[in-house]
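All remarks here apply to the structure that follows.
Sequential numbering from 1 along the given sequence is applied to the chain's residues. Each ligand, and each atom within it, is numbered from 1 in the order the structure gives.
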Amino acid sequence: MDTSGHARSFGAAAGQYARARPGYPADAVDWLVPPAARRVLDLGAGTGKFTAALAARALDVVAVEPSERMLAELTAALPGVPAHRGTAEATGLPDASVDAVVVAQAWHWVDPARAVGEVARVLRPRGTLGLVWNVRDDSVPWVREVWALAQRGVEQEMQVEDPVVGAPFGPLERFVTGFEHVTDRAGVLDLIASRSYVIVLPEAERTALLGEVASVLDTHPDLRGRTELRLPYRTWCVRTRLEG
Ligand SMILES: C[S@@+](CC[C@H](N)C(=O)[O-])C[C@H]1O[C@@H](n2cnc3c(N)ncnc32)[C@H](O)[C@@H]1O
């Protein structure tokens, strides 16, 4: 779905991404990776937010990511994890070499028709594909205000409930959980600066936008006197298994 260059934009904000984006809740990781899985591919691994959770479970992890700068952050944070450049459409891994593939916050950037074939190729028989997205809960007024400003009407379509997968994978199973990301003013600004639609703005527009966001954070009545900012998220998980 990379029609605009947004999918290739992340490297330019890799540092902010690594600093600011939340990780994934433990119950989501447990649900997405089958207990019998040993070798797991984190595909579209970015700076390693999901990779870290896999590595902490003593799994044999391999990370694949197209952006060199995102990969550099991953390797700095997780030097023991083999990581290399590749895409969901061309991972560079051997046939039938992993038990599970997880794609965290990235399936909406791939071409599902090609990625499904590639993921099926690298999975062992009955292997699983897990998709996960952290989605901000905009029911908190200041959160809604800040992101409405940041998005300026740009809607990212993530299809978290019904992503396109299809044969040779079986039916989709779903699980939703949630968590609070505890951050601060600088963290919110980095979070916004790491969004693809902000990264691709001309520099003057990006600076102006971040200035407007800072002004909301500094003046919103609900944030008066607060240094710790709590961002609620829902985590949408989908898993499916190779059939046949
Ligand atoms: C929102 S980030 C998610 C990164 C990481 N998985 C995480 O959870 O933090 C999206 C990632 O998808 C990567 N990406 C974009 N197009 C891709 C593709 N066709 N195949 C694999 N990854 C892709 C980007 O480079 C970026 O690192």
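- Checking only distances, Ala88 does come within under 3.5 Å of ligand 1, N or O to N or O.
- The option from Trp109, Trp133, Tyr24, Tyr17 that lies nearest to atom 8 (O) of ligand 1, judged by heavy atoms, is Tyr24.
- Salt-bridge check for Arg38 with Asp60: failed, with every basic side-chain N at 4.0 Å or more from each acidic carboxylate O.
- No donor-acceptor contact under 3.5 angstrom links the side chains of His108 and Gln159, judged on distance only.
- Atoms CH2 and CZ, from Trp31 and Arg239 in turn, are 4.5 Å apart once rounded to the nearest 0.5 Å.
- If you check the side chains of Ser139 and Arg144, you find no donor sitting under 3.5 Å from an acceptor.
- Side-chain N/O atoms of Asp42 and Thr51 include a donor and acceptor closer than 3.5 Å.
- By the 3.5 Å distance cut-off applied to N or O atoms, Ala104 is counted among the residues near ligand 1.
- Residue contacts with ligand 1 for Ala45 involve N, CA, C or O but no side-chain atom from C-beta outward (heavy atoms, distance under 4.0 Å).
- Considering backbone and side-chain atoms together, Gln105 places no N or O closer than 3.5 Å to any N or O of ligand 1.
- Side-chain contact between Leu93 and His84 is present, with at least one heavy-atom pair separated by less than 4.5 Å.
- Of the heavy atoms in Arg8, none comes closer than 4.0 Å to ligand 1.
- Remark: minimum distance from atom 15 (C) of ligand 1 to any protein heavy atom is reached at Ala7 O, 3.4 Å.
- Under 4.0 Å from ligand 1, the heavy atoms of Met70 that appear belong solely to its side chain.
- For ligand 1 and Phe10, the ligand atoms under 4.0 Å from any heavy atom of the residue are 1 (C), 10 (C), 24 (C), 26 (C).
- Among all non-hydrogen protein atoms, the one lying nearest atom 25 (O) of ligand 1 is Glu65 OE2, 2.6 Å.
- Residues Lys49 and Tyr24 meet the side-chain proximity criterion, which asks for heavy atoms closer than 4.5 Å.
- Relative to atom 17 (C) of ligand 1, the option among Gly44, Ala90, Ala106, Pro66 with the closest non-hydrogen atom is Pro66.
- Between His6 and Trp109, the ring planes lie tilted relative to each other; the angle falls in the 30° to 60° range.
- Distances below 4.0 Å separate heavy atoms of Glu89 from the following atoms of ligand 1: 18 (C), 19 (N), 20 (N).
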